[in-house]
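Here is the structure we will look at.
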Protein chains: 2
Amino acid sequence: MPAQSPREKIIMAAIELFWLKGYNSTSVADLLSRTQLNSGSLYHVFPSKQDVLVGVLETLKDNISPMLLEPAWGGIEDPIEKIFALLAHYRVGIVESDCSYGCPIGSLALELHEPDPQVRTLLAANFEAWTNAVEQCLRGAGSRLPANLDRRALAQFVLTTMEGGVMQARTHRDVGYFDRAVDQLRSYFAFLEEAARVGA
Amino acid sequence: MPAQSPREKIIMAAIELFWLKGYNSTSVADLLSRTQLNSGSLYHVFPSKQDVLVGVLETLKDNISPMLLEPAWGGIEDPIEKIFALLAHYRVGIVESDCSYGCPIGSLALELHEPDPQVRTLLAANFEAWTNAVEQCLRGAGSRLPANLDRRALAQFVLTTMEGGVMQARTHRDVGYFDRAVDQLRSYFAFLEEAARVGA
DNA sequence: GTCTATAAAAGGATAGAC
DNA sequence: GTCTATCCTTTTATAGAC
């Protein structure tokens, strides 16, 4: 295993700290103390703190499969169950953090009110990558869902459910709010599958 | 009309600035310049910046009817249409801000990662007040919805949809993401209403 | 209750030696 | 590429006169 470069160390530390504390509440000093680097090393690689954020968002976007999808989907083949397994994966994160932490992208998206275009675009690209993965599952479900269903819109709605459910679970410090959101989505899927059966 | 007290001026300015810029990005100096007050006046009323936040959250919670529900519901009687009118009200805010600003409570809920218990409780109470209003609409819909439907869980799901849709619309700077989320919720409601008809 | 001035600390970023 | 020291700005909050 090769030694981690300063760049990798900083990105990994920033992914965790931005997730735990948010962007504004994570100081450069926090990143330095976590990585045991000096400010010269950080600023040699990243001209500004915002460049660290850009690196984080690029890393998350480019590694959504190994960092999120593969761990969530281990062994699961059914395309619709993969969607709910992804949601269950977020549930584990909620519970393990005592309902304190949610989706790293969603938190950043609402924390940064007037992000630079580059940052905003990367946030959107992360949502896009997530939605694309779910959309592929929905397409994989074939005739189990109505033929005229807008599968891209439904994929976005899965993300909507996840983000809205995480937000309420965090705020109430009660994973039940996330569970009930997922339950409602399950119920909607059941209607859609029933409609596909009857319509076929 | 009586002159606005310093306290009222600060709360109103803070509601707007926290919505526009967020809590951390709004400085006490911002509040002073917006209200034309001096720091002595602010700190005489609010011992700390966080106390301003508490005042804001209490004001929003205690005035949800005049500040949100009544403007959204003007003239609408149908309980289910009231729910979608509430969502349409948020849509106006999204469009008028060029997809920059969303729900003030949701933004604060995700910006503040480790809020004081008092603040977190007030955020949750705001969600609760919102959900209660929607739940009353769902109860008002009576037999148009299935008798065994968990109306509280569905009310929470309406909030889930709103918050998740707002987040994506803001991030993509495209209200279409909000619209498609609402469309999916409409579709779910259509299934529920159909199930109530058939089951009756 | 309100005014001005300022303290005290934190945070992002840079300089220049090595 | 990395080290230490430090500059500069912003920000929360306070002091003490009026």
Side-chain angles (χ1 to χ4, degrees), chain A residues 1-57 107-108 111-120 122, chain B residues 1-57 107-108 111-120 122:
Chain A
M1 188 159 95
Q4 243 185 347
S5 70
R7 179 172 220 284
E8 290 167 326
K9 281 192 203 170
I10 293 161
I11 292 287
M12 290 307 153
I15 287 176
E16 180 161 6
L17 289 176
F18 292 171
W19 179 58
L20 297 179
K21 309 175 49 166
Y23 176 72
N24 284 307
S25 298
T26 298
S27 68
V28 174
D30 289 336
L31 293 172
L32 297 178
S33 100
R34 168 74 63 119
T35 54
Q36 301 284 26
L37 294 169
N38 297 98
S39 88
S41 300
L42 186 148
Y43 281 102
H44 181 74
V45 181
F46 299 102
S48 77
K49 184 185 172 187
Q50 180 173 293
D51 291 299
V52 177
L53 176 60
V54 168
V56 162
L57 293 173
S107 296
L108 289 169
E111 176 185 355
L112 306 169
H113 283 245
E114 281 159 357
D116 270 22
Q118 184 184 20
V119 169
R120 191 192 61 70
L122 278 168
Chain B
M1 187 160 95
Q4 241 184 349
S5 69
R7 182 187 169 81
E8 289 167 329
K9 281 192 203 170
I10 292 161
I11 292 285
M12 289 309 153
I15 287 176
E16 180 161 8
L17 289 176
F18 291 171
W19 180 58
L20 296 179
K21 311 175 47 166
Y23 176 73
N24 284 306
S25 298
T26 298
S27 67
V28 173
D30 289 335
L31 293 171
L32 297 178
S33 103
R34 168 73 64 118
T35 54
Q36 302 284 28
L37 293 168
N38 296 98
S39 88
S41 301
L42 186 146
Y43 281 102
H44 181 75
V45 181
F46 299 102
S48 78
K49 184 184 171 187
Q50 179 173 293
D51 292 300
V52 178
L53 175 61
V54 167
V56 162
L57 292 174
S107 297
L108 290 169
E111 176 185 354
L112 306 170
H113 284 244
E114 281 158 358
D116 269 22
Q118 185 184 21
V119 170
R120 191 193 60 70
L122 278 168

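Protein chains get the first letters and strands the later ones, always in sequence-line order, with residue 1 at the start of each.
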How close or far is atom [atom2] of [N] from atom [atom1] of [X], stated in whole angstroms?
| X | N | atom1 | atom2 | value |
| --- | --- | --- | --- | --- |
| A:Asp51 | C:dT14 | CG | P | 11 Å |
| A:Gln36 | D:dT4 | CD | C1' | 16 Å |
| A:Lys49 | C:dT14 | NZ | P | 15 Å |
| B:Leu37 | C:dG1 | CG | C1' | 11 Å |
| A:Leu42 | C:dG11 | CG | P | 15 Å |
| A:Ile10 | D:dG1 | CD1 | P | 12 Å |
| B:Lys9 | C:dT2 | NZ | C1' | 12 Å |
| A:Gln50 | C:dG11 | CD | C1' | 16 Å |

>> Both B:Val45 and A:Tyr43 contact DNA chain C. Taking the nearest nucleotide for each, which residue is further toward the 5' end?
In response: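 This one resolves to B:Val45.
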> Does the side chain of A:His44 get closer than 4.0 angstrom to OP1 or OP2 of D:dG1 through an N or O atom?
Replying inline: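 Answer is yes, contact under 4.0 Å.
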> Does A:Asn38 put a side-chain nitrogen or oxygen below 4.0 Å from OP1 or OP2 of D:dT2?
Replying inline: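 Answer is no, no contact under 4.0 Å.
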>> Strictly below 4.0 Å, N to O, side chains only: are A:Arg120 and A:Glu114 in salt-bridge contact?
In response: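 A:Glu114 and A:Arg120: not salt-bridged.
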>> For the residue pair A:Lys49 and A:Tyr43, would you count it as a cation-pi contact if the rule is NZ or CZ under 6.0 angstrom from the ring centre and within 45 degrees of the ring axis?
In response: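 Because its charged atom misses either the 6.0 Å distance or the 45° angle limit, A:Lys49 does not stack over A:Tyr43.
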> Would you say the side chains of B:Ser41 and B:Asn38 form a donor-acceptor pair under 3.5 Å?
Replying inline: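 Per modelled atom types, B:Ser41 and B:Asn38 side chains form no pair under 3.5 Å.
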> What are the two closest heavy atoms between A:Val56 and A:Ile11, and how far apart are they?
Replying inline: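 Shortest heavy-atom separation between A:Val56 and A:Ile11 comes out as N-CD1, 3.7 Å.
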>> Once you apply a heavy-atom cut-off of 4.0 Å, does A:Ser25 come out as touching a base, just sugar-phosphate, or nothing?
In response: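 Here A:Ser25 touches no strand at all.
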>> Over all strands shown, is B:Ser48 touching base, sugar-phosphate only, or nothing at heavy-atom distances under 4.0 angstrom?
In response: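 Since only primed, P, OP1 and OP2 atoms lie under 4.0 Å of B:Ser48, the category is sugar-phosphate.
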>> As an exercise, state the distance from OG1 of B:Thr26 to NE2 of A:His113, rounded to the nearest 0.5 Å.
In response: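 Here the interatomic distance stands at 8.0 Å.
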> Taking the side chain of A:Ser39 as heavy atoms from C-beta outward, which of D:dA13, C:dT2, D:dA5 is closest to it?
Replying inline: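 Of the candidates, D:dA5 comes closest.
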> Considering only C:dG12, C:dT2, D:dT11, which nucleotide approaches the side chain of B:Ser41 most closely?
Replying inline: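 Output: C:dT2.
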